[in-house]
**Q** 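Just passing along the structure, written as structure tokens.
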Protein chains: 2
Amino acid sequence: MALEHAILVSLLEKPGSGYELARRFERSIGYFWTATHQQIYRVLKRMENDGWVDVRDVPQQGRPDKKEYSVADLGRAALSSWLQDPIEPESVRHDLAVKIRGAAFDDPAVLTREVERHRQAHRDRLAHYRAGETRDFPGPEASTAAPGAPLDAERELQHVVLRGGIAYEQMMIDWLDDVLATLARFGPSR
Amino acid sequence: MALEHAILVSLLEKPGSGYELARRFERSIGYFWTATHQQIYRVLKRMENDGWVDVRDVPQQGRPDKKEYSVADLGRAALSSWLQDPIEPESVRHDLAVKIRGAAFDDPAVLTREVERHRQAHRDRLAHYRAGETRDFPGPEASTAAPGAPLDAERELQHVVLRGGIAYEQMMIDWLDDVLATLARFGPSR
DNA sequence: ACGCGCATGTAACGTGTTACATGATTAC
DNA sequence: GTAATCATGTAACACGTTACATGCGCGT
């Protein structure tokens with residue numbers, strides 16, 4: 001399991017409230033891990049009980065007060081231990097692939113529309129990722145600092161993960177084109 | 001939710017027992033959906049209660065008897081209705097990406113080994129998929145039958161899903177190379 | 001007055017994972 | 001004899017999803 005570890009990484013990158021974490025899970029972290037605020041509050045409470053995170057009440061003006069969480073020593077140790085622990089490469093989970101094979105027993109025209117919708121969603125996400133890349137990682141690849149500069153590791157790793165998201169979306173678009181071409185081969189007339 | 005629908009598709013392709021389904025989920029269907037026998041038995045029982053599948057006791061010699069499941073009219077209707085129903089494009093879930101961003105706060109050398117392990121696993125899976133493709137889908141792309149031949153839809157759709165698996169594995173290998181190159185940039189000396 | 005953004009939560013349910021459990025036959 | 005394959009299941013727990021619930025401040 002990794003939601004707690006994803007939260008630890010996010011809090012190490014920057015402390016924040018449950019609400020803020022939920023928003024990050026819609027953005028950067030959300031490129032590769034999703035979580036709703038309900039899950040986050042539940043897990044944060046457990047992590048607090050286990051001493052993995054520290055809480056600090058932050059009064060705010062014009063907004064509700066918030067609880068700012070940051071990683072405690074125990075949490076850092078837990079993350080470190082998880083990072084040492086090998087994980088199994090996970091397999092994909094694609095509802096859409098189930099539908100594609102199922103379309104052999106049903107109306108393929110409906111599937112064509114569904115695939116087109118998904119293709120558009122992936123195009124949108126790709127555009128969104130690319131915009132984020134231009135915004136957050138402009139300039140030359142090898143940063144301005146000296147080679148081996150440790151301060152850039154965090155950014156470089158964030159960038160390579162984002163490139164993974166981009167590669168994934170691009171692959172999906174290409175594959176969905178393949179699916180549409182396949183459907184067209186026995187589709188248009190029937 | 002789609003396990004029950006994945007099972008319906010698999011049983012339409014070929015009726016079989018819970019055990020056989022579990023084995024298929026390690027192979028062809030498993031390219032895009034995983035399930036253990038415990039899940040399968042649980043869901044099969046529910047589907048039987050709901051009248052989605054018919055059961056037939058098949059006595060065997062030299063082996064335990066088995067229950068052969070096949071899709072009933074109600075099941076076929078349920079699948080059809082699900083196929084009509086649009087689903088949301090789902091986002092990826094990558095433990096490994098969490099680890100990559102986490103490596104900024106820990107030993108990157110450990111991550112390098114982990115990434116290499118995953119890369120190897122994806123290479124193995126890719127080889128396995130390609131072997132399956134050569135075995136199950138030889139010959140020219142556009143089959144021997146006349147254009148629009150409906151009998152080939154099932155195979156064509158299975159093939160395009162397999163090509164999706166291949167594209168996914170290839171994308172992952174390329175991306176993990178990118179990750180390794182990124183790690184090497186601030187890795188070897190520290 | 002209404003809705004949106006910020007901020008935190010509870011409850012119920014469904015799904016997935018892990019461990020345990022049984023028992024026959026075939027191959028080494 | 002011992003392990004592997006075939007075949008079916010129960011139980012407990014962890015995790016994810018959906019719905020419900022509250023309340024303030026700001027903009028229109």
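Remember, it's a predicted structure, so these values are computed and weren't measured experimentally.
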**Q** Show which side-chain atoms of residues 164-176 of chain B pair as donor or acceptor with protein atoms under 3.5 Å away, not counting sequence neighbours.
**A**
| residue | atom | partner | partner atom | Å |
| --- | --- | --- | --- | --- |
| B:Glu169 | OE1 | B:His122 | ND1 | 2.5 |
| B:Gln170 | OE1 | B:Arg130 | NH2 | 3.4 |
| B:Gln170 | NE2 | B:Asp174 | OD1 | 3.3 |
| B:Trp175 | NE1 | A:Val160 | O | 2.8 |

**Q** When you measure from the side chain of A:Glu4, which nucleotide among D:dG9, D:dC15, C:dT8 comes out closest?
**A** D:dC15

**Q** In whole angstrom, give the distance that lies between atom CD of A:Glu26 and atom C1' of D:dT17.
**A** 15 Å

**Q** For residues 48-60 of chain B, which residue pairs pass the side chain to side chain donor-acceptor pair (under 3.5 Å) check, not counting sequence neighbours?
**A**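 Counting only pairs at least two positions apart or across chains, the side chain to side chain donor-acceptor pair (under 3.5 Å) contacts touching residues 48-60 of chain B are B:Arg56-B:Glu68.
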
**Q** Could you give the CG-to-P distance, from A:Asp50 to D:dA14, as a whole number of Å?
**A** 12 Å

**Q** Whole Å only: how far is the CG atom of B:Asn49 from the P atom of D:dG9?
**A** 12 Å

**Q** Short question: side chain of B:Arg155, backbone of B:Asp136 - any donor-acceptor pair under 3.5 Å?
**A**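 Here the side-chain-to-backbone pair exists.
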
**Q** Counting only side-chain heavy atoms from C-beta out, which of C:dG16, C:dG9, D:dC15 sits nearest to A:Tyr41?
**A** C:dG9

**Q** Over how many whole Å does the gap from A:Asp65 atom CG to C:dG5 atom C1' extend?
**A** 16 Å

**Q** What's in the same ILVMFWY side-chain cluster as A:Tyr41, cut-off under 4.5 Å, chained through other members?
**A**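 Under the 4.5 Å side-chain rule, A:Tyr41 groups with A:Tyr19.
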
**Q** Could you encode protein contacts along nucleotides 18-28 of chain D as a string, one character per nucleotide from 5' to 3', using B for base contact, S for sugar-phosphate-only contact and - for no contact, with a heavy-atom cut-off of under 4.0 Å?
**A** BB---B-S---

**Q** Figure out the CG/P separation between B:Asp57 and D:dA7, and round it to whole Å.
**A** 13 Å

**Q** Considering only heavy atoms, which members of residues 7-21 of chain A lie under 4.0 Å from some atom of DNA chain C?
**A**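 Heavy-atom contacts with DNA chain C come from A:Ser17, A:Gly18, A:Tyr19.
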
**Q** Rounded to whole Å, how long is the line connecting atom CZ of B:Arg23 with atom P of D:dT8?
**A** 13 Å

**Q** Grab the CD1-P distance between A:Ile87 and C:dT17 for me, whole Å please.
**A**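 One finds 14 Å between P of C:dT17 and CD1 of A:Ile87, rounded.
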
**Q** Residues two or more places apart in sequence or in another chain: which of them pass side chain to side chain donor-acceptor pair (under 3.5 Å) with B:Glu116?
**A**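 None.
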
**Q** Sequence neighbours excluded, which residues qualify as salt bridge (Lys or Arg N to Asp or Glu O under 4.0 Å) partners of A:Arg117?
**A** A:Glu114, B:Glu88

**Q** With DNA chain D as reference, determine whether B:Lys66 or A:Val43 sits nearer its 5' end, using the nearest nucleotide of each.
**A**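 Closest to the 5' end, via its nearest nucleotide, is B:Lys66.
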
**Q** Does D:dT8 have OP1 or OP2 under 4.0 Å away from a side-chain N or O of B:Lys45?
**A**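 So the side chain of B:Lys45 is outside the cut-off, no N or O lying under 4.0 Å from OP1 or OP2 of D:dT8.
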
**Q** Calculate the interatomic distance between A:Phe25 atom CZ and D:dG16 atom C1'; express it in whole Å.
**A**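 Taking atom C1' of D:dG16 as the reference, CZ of A:Phe25 is at 13 Å.
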
**Q** Quick one: salt bridge (Lys or Arg N to Asp or Glu O under 4.0 Å) partners of B:Arg119, sequence neighbours excluded?
**A**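 In terms of salt bridge (Lys or Arg N to Asp or Glu O under 4.0 Å), with neighbours along the sequence ignored, B:Arg119 is linked to B:Asp177.
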
**Q** Any salt bridge between A:Glu20 and A:Lys66, counting N to O under 4.0 Å?
**A**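 So A:Glu20 pairs with A:Lys66 through a salt bridge.
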
**Q** Going by the rule side chain to side chain donor-acceptor pair (under 3.5 Å), which residues pair with B:Glu90 if we only count those two or more places apart in sequence or in a different chain?
**A** none

